[in-house]
Amino acid sequence: MNDNMAKNETEFCAETSPILSVKNLHKYFGKLEVLKGIDIDIQKGDVVAVIGPSGCGKSTFLRCLNRLEEPTSGRIEFKGETVFKKERNEWKKEWKTLLTKKGTTEYDENAVKEAELSYKELRKKEKATEKYVQKHINQHRQKIGMVFQQFNLFPHLTILQNITLAPVQLKLKTKEEAEKIAMELLKRIGLEDKANVYPSTLSGGQKQRIAIIRALAMEPDVMLFDEPTSALDPEMVGEVLNLMTELANEGMTMVVVTHEMGFAKEVANRVIFIDNGVIKEENSPKEFFENPKDERLKDFLSKVLM
Amino acid sequence: MNSLFDNFGEKLYECFIEHDMWRLYLTGLRNTVIIAIGACLIGLIIGIIVACIRIAPKKNPIIKILDGICRFYITIIRGTPVVLQLFISYFGFLMFLRYVDFFGIKQTDAIFVAIITFGVNSGAYMAEIMRGSINAIDQGQMEAGRSLGLSWAKTFVKIILPQTLKSAIPTMFNEFITLIKETSVAGYVGILDLTKIQSYVTFQTTELFTPLLIIAAIYLTLVLILQQIQKFIERRLARSER
Ligand SMILES: Nc1ncnc2c1ncn2[C@@H]1O[C@H](COP(=O)(O)OP(=O)(O)OP(=O)(O)O)[C@@H](O)[C@H]1O
Ligand SMILES: [Mg+2]
C-alpha cells in the first residue's frame, strides 16, 4: 500500500516536473529588447510549435534555451538543473529606486541598506551559479538537440563522420558503436548509401534529414528546431516534416519554430504565438487556430492561412 | 643599350658555365630555398597560434593579455620594412654573441638569423590570412558544434581549423612565393643568397648585367614551378569535397 503510494507520487512528479522551464526570460541586443519576459514550461513528450511574425524573437528565444544566445535576465532550467539564472536586476532596480528618494521624507536608510545587501548577496550567489553552469553547459547541450534553418552540416566531413563526430569526441561511444548507430539512423531515413559522401552532394531535404539524425545520435531529451524547412525547395519540405512527425509520434519532446501551419495544427500539442517579445497566446492547436483571441494573432493567422 | 646584348651567348657562357660558375648560383639558390622554407614553417606555426589567440573568446584575462601581445606583434611587423627587421635581429644577434667584427658571424649563423627573422615576419602575415579565413567560415559551423555539446576548443580544432586550412592553403602558398622573393635582401647581412651571388660573379668576370639576368631567370623559373604546384593543390582541395 505504502509502496504503491510512493510509486504513484514519483510518477506524478515525473509527469509534472518539466523538461524545460523558462521564467521571465529577457533578452536585449544592446538597447533593443527582443524578449520581454517569456514564461513557459515544456513537459516530456510535448511538441510545441512556436509561431509569430518575422523578427519577433522566435529564434532568439530558441537559442537562449541552450545558451547559444546569452539571455539578459530570467531563469532557464533543463530537467530541474539550472541552465541560466540571473534575477538580480529586479533587486538592483528596487535598491536604486529606494536610493533616489534620498533627501525626501520617504527615504529610509535601513530599507536601502537592506535592499543593497540582499542585491549584493544575490549577485554573489548568481555568479557562483554561473560558474557552475559554465562547467556543465556542454553536458546539457549534449541532451538538447538543435536543428538549424541552414542545416549546418560540416562540409569537410562525410555524412557518417558528421553523425559520429560528437558522440566519439565526447567519448560517449566508441567509434564502432557510434558508426553502428549512425548506420541504423541512416537506414531509417533511407540514406544509408550516402554514408561516405560529403554533404555538398546532397539535396537540401537530405541535408536537413541528416542534420536531424546527427542531433538524434546524441540521444537528446528535447530537440529544438529553428524553421527547419524554410531554406528548402517546396518539394523537399514534405520529407523533412514527415521525419519530424515520426519523431513526435515516438514521444520526442520538441520545440519547433515554424511557418508550416499544417505541422502546427496536425502534429503539435501546443501552439504558442510570440509577438513583440512576449507569448501573446498559447493553446491547443484546435483552439489556437479555430478560436484565436488575441487581435494580433487573428491578424497574423488571417495573413498566413488565407 | 645594344652593347649589353652584344656577344650575349659568350657572356652567358662566361658567367654561367666557365669555371663551373653555375655552382655558385646553386649555392645561392640552396640558401634562398632553405631560408624561405624554414621561414615558412616557422611562419605557419606562429600564424596558427596567433590566429587562434586572436579569434578565441576573450573570457579570461590571460587570453586578453595574449591577444594584446599578438596585436602588438602584428602591428610592429607589418608596420616596419623587413630589411630593417633583418638588420635589427642581425645586430642584436651580434651583440648577443659579443662579436666585434661585422663579418665575424659564420654563414650558418647568419642563415639561422635570417630564417628566424623571415619566419617571425611572415608569421604576422600568415596570422592575418588565417584570421581572415576563420572569419569567412559560416558562424553556423561553430554553433552546430557547440549545440552538440562540443567545447569551443574541440569545435575549433575539429570543425573550424580543418576548413580554415583548406581555404587558407592557396593564400599561404602565395605568401611562400612572396617570401622567396623577399629573402633577396638577405645579402645585406652577408648571406650568400641567390641575389648576392651576382656580386661574386661580377667580381670574377667583371660582367654586371648578365648575372643579374641569369638570377632573374632562376627566380622566375622557381616561382613558375611553385605556381604550378599551387594550382595542383587547389584542384586537389576542391575535389576532396565532391
Ligand atoms: N545578434 C544580433 N544582434 C542584434 N540584433 C539581433 C541579433 N539577432 C537578432 N537580432 C534582432 O532581434 C530581433 C529578433 O530576431 P530573431 O532572429 O529572434 O527573430 P525571428 O522571430 O526568429 O525572426 P525570423 O522569422 O525572421 O527568423 C530582430 O529584430 C533582429 O534584428
Ligand atoms: Mg528566426
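These numbers come from a predicted model, not from an experiment. Labels below follow one simple rule: chain letters A, B, ... track the order of the sequence lines, proteins then strands, and each chain is numbered from 1.
Contact annotation for residues 125-152 of chain A against chain B (heavy-atom separation below 4.5 Å, listed by residue number): A:Gln134, A:Asn138, A:Arg141, A:Gln142, A:Ile144, A:Met146, A:Phe148, A:Asn152.
Taking a 6.0 Å sphere around CD of B:Gln139, one finds it holds 12 or fewer heavy atoms contributed by other residues, nucleotides or ligands. Taking a 6.0 Å sphere around OH of B:Tyr73, one finds it holds more than 12 heavy atoms contributed by other residues, nucleotides or ligands. At most 12 non-hydrogen atoms from other residues, nucleotides or ligands lie less than 6.0 angstrom from CD1 of B:Ile62. Around the CZ atom of A:Phe29, the shell of radius 6.0 Å holds more than 12 heavy atoms that belong to other residues, nucleotides or ligands. At most 12 heavy atoms of other shown residues, nucleotides or ligands fall within 6.0 angstrom of atom NZ in A:Lys124.
A distance of 5.0 Å separates NZ of B:Lys154 from CD of A:Gln169, quoted to the nearest 0.5 Å. Here the straight-line distance linking atom CE of A:Met223 with atom OG of B:Ser147 works out to 9.5 Å at 0.5 Å rounding. Distance check: B:Leu150 CG to A:Met218 CE gives 7.0 Å after rounding to the nearest 0.5 Å. The NZ atom of B:Lys158 lies 12.0 Å from the CZ atom of A:Phe154; values are rounded to the nearest 0.5 Å.
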Indicate every side-chain donor-acceptor pair of residues 172-182 of chain B with a distance under 3.5 Å to a residue at least two apart or in another chain.
residue  : atom : partner  : partner atom : Å
B:Asn174 : OD1  : B:Gln230 : NE2          : 3.1
B:Thr178 : OG1  : B:Asn174 : O            : 2.8

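Most heavy-atom pairs under 4.5 Å with chain B, from the set A:Asn66, A:Thr158, A:Leu224, A:Leu153: that is A:Leu153. Counting heavy-atom pairs under 4.5 Å between each of B:Ala144, B:Gly145, B:Gly149 and chain A puts B:Gly149 at the top.
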* What's the verdict on side-chain contact (heavy atoms from CB on, under 4.5 Å) for A:Arg63 and B:Glu143, showing C-alpha distance, side-chain angles and the deciding distance? -> CA-CA 10 Å; A:Arg63 291 155 54 81; B:Glu143 290 184 350; 2.9 Å; yes
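The side-chain heavy atoms of A:Leu165 and B:Leu148, taken from C-beta on, include no pair separated by under 4.5 Å.
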